[in-house]
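The sequence lines fix the lettering, A, B, ..., with proteins before strands; numbering per chain opens at 1. As the structure is a computational prediction, the values presented were derived from the model and not from experiment.
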Amino acid sequence: EAQVTQNPRYLITVTGKKLTVTCSQNMNHEYMSWYRQDPGLGLRQIYYSMNVEVTDKGDVPEGYKVSRKEKRNFPLILESPSPNQTSLYFCASSPQGARYGYTFGSGTRLTVV
Amino acid sequence: AQTVTQSQPEMSVQEAETVTLSCTYDTSESDYYLFWYKQPPSRQMILVIRQEAYKQQNATENRFSVNFQKAAKSFSLKISDSQLGDAAMYFCAYMAGGTSYGKLTFGQGTILTVHP
């Protein structure tokens with residue numbers, strides 16, 4: 001089944017403790033992206049990647065890191081999480097150009113206390 | 001930066017009736033793409049319909065259609081014969097073409113309630 005898989009689905013962590021949210025897609029898509037969803041703000045793009053080793057900032061990149069060493073994987077790293085990063089996170093992928101829209105993962109609910 | 005505005009935080013419709021969700025966007029680009037996504041309570045994001053700016057014909061997917069008014073920068077979603085399963089949060093989204101491929105900007109969302 002074609003899908004975007006992100007893990008974990010739920011995560012509670014403490015301020016300052018480094019964490020990684022994994023994302024993997026099995027559709028050989030070139031584009032991958034991370035979003036955060038907050039009430040009243042919709043989804044905001046954190047980072048996106050056009051292919052292996054090619055990434056660019058979205059609208060809210062502060063406090064996040066990404067890497068794209070393999071085409072199928074695009075992990076999101078929070079090196080020192082803070083409570084304002086408590087949010088619902090989505091990973092997504094798309095074929096060349098992303099003009100056909102992204103396919104989204106199931107989301108990760110992150111709580112930073 | 002491009003902005004996408006959904007001015008209706010909540011909408012409701014009776015089952016089998018028609019409802020229209022509004023979306024406006026701000027851009028100086030001529031090449032861009034517009035999308036509507038549905039997010040049911042399961043929180044999964046599902047692509048409903050897409051529109052390419054250079055196409056004058058409005059996109060249609062079964063009961064879902066759009067009214068794309070390029071000059072007015074308006075992109076509304078019409079849901080016909082509404083069903084209980086249409087109840088969800090709906091997001092409008094914009095992506096410029098060219099060197100901005102991949103950068104997707106969402107509106108704030110509209111919660112749609114469907115009454116039996």
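In summary, the side chains of T55(A) and Y48(A) do not present any donor paired with an acceptor at a separation below 3.5 Å, with no hydrogens or angles considered. With no hydrogens or angles considered, a side-chain donor-acceptor pair links Q6(A) and T108(A) at under 3.5 Å. Using a 3.5 Å distance cut-off with no hydrogens or angles, the side chains of E53(A) and N51(A) do not pair a donor with an acceptor.
Of the listed residues (Q37(A), M50(A), R44(A), R109(A)), the one with the most heavy-atom contacts under 4.5 Å to chain B is Q37(A). Top candidate by heavy-atom pairs under 4.5 Å with chain A, chosen from Q39(B), Q6(B), E52(B), is Q39(B).
Of the atoms belonging to M45(B), heavy atoms from both backbone and side chain fall under 4.5 Å from chain A. If you measure heavy-atom distances from Y32(B) to chain A, you find no contacts under 4.5 Å at all. Contact annotation for L47(B): only side-chain heavy atoms (C-beta onward) come within less than 4.5 Å of a heavy atom of chain A. For chain B, no part of S94(A) is nearby; none of its heavy atoms comes within less than 4.5 Å. Heavy atoms of Y100(A) lying under 4.5 Å from chain B belong to its backbone as well as its side chain. For R50(B), the part lying near chain A is the side chain, with the backbone staying farther off; criterion is any non-hydrogen pair under 4.5 Å. When heavy atoms are compared at a cutoff of 4.5 Å, L43(A) approaches chain B by way of both its backbone and its side chain.
Aromatic rings of F106(B) and Y37(B) (six-membered ring for Trp) have centroids within the 6.0 Å cut-off, being under it.
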* Test Y102(A) against F35(B) for ring pair (Phe, Tyr, Trp, His ring centres under 6.0 Å), laying out the working first. => CA-CA 10 Å; Y102(A) 279 99; F35(B) 307 87; 8.3 Å; no
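Taking the charged nitrogens against the carboxylate oxygens, E30(A) and K71(A) do have a contact shorter than 4.0 Å, which makes a salt bridge.
Judged by a 6.0 Å distance limit and a 45° cone about the ring axis, R99(A) is not positioned over the six-membered ring of Y54(B).
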